[in-house]
Amino acid sequence: MHFPFYEKLGLAVLVTAWLVFGANWAGNLLVHPKPLKSPAITIAGVEEAGDKAAKPAAGGKQVDALTLLGSADVKAGEAAFKKCKACHTAEKGGKNLVGPNLWDIVGRPKASHEGFAYSGTLKGMGGAWTYKDLDHFIDDPKGFAKGTKMSFAGVKKPEERAAVIKYLHSLSDSPKPLP
Ligand code: HEC
């Protein structure tokens, strides 16, 4: 048999395709592929997948913590703020660490603390920190401000978040009224 060049090429493609599909088909007969329930390999720190999975299936946001502010406990908030202290100081005139000082954060214009190099994302958001924005940001920093430099998974429990927010509210010479 003698084929012109392009026919050979066409034949080669067909044979290759047949081999690939055939091998795949044969492979499926031999081992029944089962989709993995969770990734076989998880790479630490790539995404807070665990935390995302922990969210209720309803999709969207959890109970917002603001309805719980009234009964929230400032002392419990101060205790929970320990996780923030790795990166934030809370006292008046406190230093910027990995994150900016948070004195008087309620009502403070976003990304405005002197001497701190904010991400473009946070700088571009505009407006002041309302209770609602704080609730959303502390629940899910990257969900609220995609690209934020705050590498923190968030405080997922509404009661705990409410306590932290009430504590933040207390960090002021004249605390803003609670919503
Ligand atoms: C791993 C370090 C880290 C932890 C832990 C952390 N933060 Fe942050 N935080 C940052 C960084 C960095 C920024 C600046 C974000 C940016 O520029 O995008 C920030 C910004 C903020 C802002 C906005 C400040 C402003 O001036 O606009 C608030 C509010 C805040 N954090 C609250 C919290 C609270 C509350 C906690 C604890 C529940 C916390 N953070 C935990 C690093 C952290």
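Note that ligands are numbered from 1 as they come in the structure, with each ligand's atoms numbered from 1 the same way. Every heavy atom of this structure was used, including side-chain atoms; hydrogens, water molecules and symmetry mates were not. Only a predicted model underlies this, so the values are computations on that prediction, with no experimental measurement involved.
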Could you list which atoms of ligand 1 come closer than 4.0 Å to a heavy atom of I138? 35 (C)
To the nearest 0.5 angstrom, please state how far the CZ atom of F144 sits from the CG atom of D139. 11.0 Å
Atoms of ligand 1, numbered as shown, that sit under 4.0 Å from any heavy atom of K83: 5 (C)
Among K85, M125, M150, which one has a heavy atom closest to atom 39 (C) of ligand 1? M150
Taking D133 first and then K110, would you say they form a salt bridge - that is, a charged N and a carboxylate O separated by under 4.0 Å? yes
Closest contact, heavy atoms only, K123 versus Y118: CE-O, 3.6 Å
I'd like to know if D73 pairs up with K166 as an ion pair, taking the criterion as any Lys NZ or Arg NE/NH1/NH2 lying under 4.0 Å from an Asp or Glu carboxylate oxygen. no
Proximity to ligand 1 by part of I105, non-hydrogen separation under 4.0 Å: side chain
Charged N-O contact under 4.0 Å between R161 and D140: no
Near T148, which atoms of ligand 1 are under 4.0 Å from a heavy atom of that residue? 15 (C), 16 (C), 18 (O)
Can you tell me the protein heavy atom closest to atom 22 (C) of ligand 1 and the distance? F137 CE2, 3.5 Å
When distances are taken from atom 12 (C) of ligand 1, the protein heavy atom at minimum range is V98 O, 3.2 Å
Check each atom of ligand 1 against the heavy atoms of V155 and keep those under 4.0 Å away; list them by number with element. 38 (C)
Locate the shortest heavy-atom distance separating R108 from N101; write the atom from each residue and the value. NH2-O, 2.9 Å
Proximal ligand 1 atoms for S151, defined as those under 4.0 Å from one of its heavy atoms: 1 (C)
Starting from atom 14 (C) of ligand 1, which protein heavy atom do you reach first, and at what distance in Å? F116 CE2, 3.6 Å
Ignoring hydrogens, what is the shortest heavy-atom contact between A90 and Y167? Give both atom names and the distance. CB-OH, 3.6 Å
Nearest non-hydrogen protein atom to atom 13 (C) of ligand 1, with distance, is P100 CD, 3.6 Å
Residue, atom and distance of the protein heavy atom nearest atom 29 (C) of ligand 1 read L134 CD2, 3.5 Å
Is there a donor-acceptor pair under 3.5 Å between the side chain of T89 and the backbone N or O of K95? yes
Hey, is ligand 1 close enough to W129 that some N/O pair sits below 3.5 Å? yes
Regarding E160 and K83, does a basic nitrogen lie under 4.0 Å from an acidic carboxylate oxygen? yes
Within H88, is some N, O or S atom less than 2.8 Å away from atom 8 (Fe) of ligand 1? yes
So which heavy atom on T148 is nearest to which on P141, and how close? CG2-O, 3.8 Å
Nearest protein heavy atom to atom 34 (C) of ligand 1, by residue and atom, and its distance? C84 SG, 3.5 Å
Those atoms of ligand 1 less than 4.0 Å from some heavy atom in R108: 25 (C), 26 (O)
In ligand 1, which numbered atoms sit nearer than 4.0 Å to a non-hydrogen atom of A111? 25 (C), 26 (O), 27 (O)
Correct closest heavy-atom pair for L66 and Y131 would be CD2-O, 3.6 Å
Contact check: Y118 vs ligand 1, nitrogen or oxygen atoms, below 3.5 angstrom: yes
Top protein contact for atom 2 (C) of ligand 1, by heavy-atom distance: C87 SG, 1.8 Å
With a 4.0 Å cut-off on N to O distance, would you call K92 and D173 a salt bridge? yes
Give the residue and atom name of whichever protein heavy atom lies nearest to atom 17 (O) of ligand 1, and the separation in Å to one decimal. S119 N, 2.7 Å
